[in-house]
A.B. asks: 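Pasting a structure below so you can have a look.
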Amino acid sequence: MTKLSSPLRPGEVALVGAGPGAADLLSLAAVKLIGDCDAIVHDALVSEEVLALADSRTERIPAGKRGGRPSADQADITETLIRLARDGKRVVRLKGGDPFVFGRGGEEARALAAAGVRFRVIPGITAGVAAPAMAGIPVTDRTVNASIAFLTGHEACGKSRLDWQALAAAFPVLVFYMGARNLPRIAAALLDAGLAKGTPLAIIRNATLADEETITATLEDAAEGRVTARSPAIVVIGDVVARRTPWKD
Ligand code: SAH
């Protein structure tokens with residue numbers, strides 16, 4: 001097998017994890033491929049710092065999906081990738097965090113495979129792990145949890161696919177992506193499911209970027225709207241938040 005970082009061939013696509021934002025958290029393969037490709041199709045959450053690693057001659061195609069704003073739909077994105085590849089371009093599909101964690105990377109991989117386009121996947125550091133680390137919160141702690149759940153907060157509205165009772169009973173630590181807008185609903189659902197009002201919670205916004213911000217509160221604070229979260233943020237719920245050791249100045 002070719003190495004992850006070996007140069008792309010014409011007509012090849014790399015689904016690359018761009019990590020949470022800071023360019024120095026990119027993998028070596030990501031840095032090499034971003035710096036040596038013909039086109040980059042990137043999500044809105046991919047930071048300027050990461051995009052700045054591209055050659056100035058590289059074509060940049062925004063394909064962001066972000067709550068509320070006009071956005072390319074998924075079919076357009078996969079069509080664009082396939083068209084660029086068929087034109088013989090060396091394509092980097094840059095996605096925030098890890099391409100296969102709440103990023104629809106799987107759909108893109110399936111579409112590329114179905115179209116007969118050669119592709120590779122470069123994992124990235126996912127926000128659900130990086131953001132707590134930046135805040136000094138260990139997502140697992142021997143004294144707190146032997147398991148952890150990563151969830152999407154989108155599911156909290158309307159009919160939810162999440163079984164709150166089961167989640168609250170099974171997982172001592174819950175990490176929500178896309179949970180900012182629905183935070184009061186998420187918190188209320190977890191209180192209903194039996195979690196204690198004083199369960200600690202952290203909201204980490206813009207992790208690894210210059211304006212990173214961490215707020216800590218309780219589940220009750222969040223359910224009653226005493227704390228608000230703005231996107232993009234990771235919400236960590238559980239006693240690991242009380243194990244926090246802030247380490248940044
Ligand atoms: N594939 C991405 C997740 C995409 S879903 C990954 O693996 O990280 C988008 C969500 O990711 C946002 O709503 C937010 O919850 C989270 N996120 C991405 N970047 C973030 C950052 N720098 N700080 C905090 N949360 C972030």
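Whatever order the structure lists them in is the order used to number ligands and atoms, beginning at 1. Because only heavy atoms are used, hydrogens play no part in the values below, and waters and symmetry mates are left out as well, while side chains stay in.
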A.B. asks: Please check whether G96 reaches ligand 1 - meaning an N/O of the residue sits under 3.5 Å from an N/O of the ligand, judged on distance alone.
C.D. replies: yes
A.B. asks: State whether the side chain of E49 and the backbone N or O of A23 hold a donor-acceptor pair below 3.5 Å, judged by distance alone.
C.D. replies: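 Yes; judged by distance alone, with no hydrogens or angles, the pair exists.
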A.B. asks: At a 4.0 Å cut-off, with the gap strictly under it, does some heavy atom of N206 reach an atom of ligand 1?
C.D. replies: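 It does; at least one heavy atom falls under 4.0 Å.
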A.B. asks: Looking at I204, which atoms of ligand 1 are within less than 4.0 Å of one of its heavy atoms?
C.D. replies: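 Checking each atom against I204, I get 24 (C).
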A.B. asks: Hey, which atoms in ligand 1 end up nearer than 4.0 Å to a heavy atom of L45?
C.D. replies: 9 (C), 18 (C)
A.B. asks: Which residue owns the protein heavy atom closest to atom 11 (O) of ligand 1, what's the atom, and how far is it?
C.D. replies: Y177 CD2, 3.6 Å
A.B. asks: Considering heavy atoms of the protein only, find what lies nearest to atom 23 (N) of ligand 1 and give residue, atom and distance to 0.1 Å.
C.D. replies: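 Answer for atom 23 (N) of ligand 1: A207 N, 2.8 Å.
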A.B. asks: Can you tell me the protein heavy atom closest to atom 1 (N) of ligand 1 and the distance?
C.D. replies: V101 O, 2.7 Å
A.B. asks: Which heavy atom of the protein is the closest neighbour of atom 22 (N) of ligand 1, given with residue, atom name and distance?
C.D. replies: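 Checking every protein heavy atom, the shortest distance to atom 22 (N) of ligand 1 gives P20 O, 2.8 Å.
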A.B. asks: Determine the sole option in K89, R90, R9, R60 for which the salt bridge (charged side-chain N to carboxylate O under 4.0 Å, His left out) test with D38 is passed.
C.D. replies: R90
A.B. asks: Can you figure out which of H154, M178, R104 has its heavy atom closest to atom 10 (C) of ligand 1?
C.D. replies: M178
A.B. asks: With the threshold set at 4.0 Å, does a side-chain nitrogen-carboxylate oxygen contact exist between E212 and R205?
C.D. replies: no
A.B. asks: For A131, is at least one N or O under 3.5 Å away from an N or O on ligand 1?
C.D. replies: no
A.B. asks: Would A233 count as being in polar contact with ligand 1, using the rule that some N or O on each side must be under 3.5 angstrom apart?
C.D. replies: yes
A.B. asks: Any N or O of D98 that comes nearer than 3.5 Å to an N or O of ligand 1?
C.D. replies: yes
A.B. asks: Mind checking whether R205 has an N or O less than 3.5 Å away from an N or O of ligand 1?
C.D. replies: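 N/O-N/O distance under 3.5 Å: no.
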A.B. asks: For F102, counting its heavy atoms only, list the atoms of ligand 1 lying under 4.0 Å from any of them.
C.D. replies: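 That gives atoms 4 (C), 5 (S) of ligand 1.
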A.B. asks: Between N182 (side chain) and G153 (backbone), is there a donor-acceptor pair under 3.5 Å?
C.D. replies: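 Answer holds: yes.
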A.B. asks: Which atoms of ligand 1 have any heavy atom of T126 under 4.0 Å away?
C.D. replies: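 In order of number, 6 (C), 7 (O), 8 (O).
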A.B. asks: What pair of heavy atoms forms the shortest contact from A222 to A187, and how long is it?
C.D. replies: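 Closest approach of A222 to A187: CB-CB, 3.7 Å.
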A.B. asks: Taking all non-hydrogen atoms of both residues into account, name the closest pair between S147 and P172 and its distance.
C.D. replies: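 Between these two residues, the closest heavy atoms are OG-CD, 3.4 Å.
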A.B. asks: I'd like to know if the side chain of W164 reaches the main chain of A188, judged simply by a donor and an acceptor atom lying under 3.5 Å from each other, with no hydrogens or angles considered.
C.D. replies: no
A.B. asks: Between D141 (side chain only) and P138 (backbone N and O only), is there a donor and an acceptor less than 3.5 Å apart?
C.D. replies: no
A.B. asks: L209 to ligand 1: N or O pair under 3.5 Å?
C.D. replies: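 Among all N and O atoms of L209, none is under 3.5 Å from an N or O of ligand 1.
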A.B. asks: Kindly say whether L219 contributes a backbone atom to a donor-acceptor pair with the side chain of T199 at under 3.5 angstrom?
C.D. replies: no
A.B. asks: Can you tell which of P132, P99, A127 gets a heavy atom nearest to atom 8 (O) of ligand 1?
C.D. replies: A127
A.B. asks: Linking I/L/V/M/F/W/Y whenever any side-chain heavy atoms sit under 4.5 Å apart, do L174 and V236 land together?
C.D. replies: no
A.B. asks: Quick check: are there more than 12 heavy atoms from other residues, nucleotides or ligands sitting under 6.0 Å from CZ of R226?
C.D. replies: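 For R226, atom CZ is crowded (more than 12 foreign heavy atoms under 6.0 Å).
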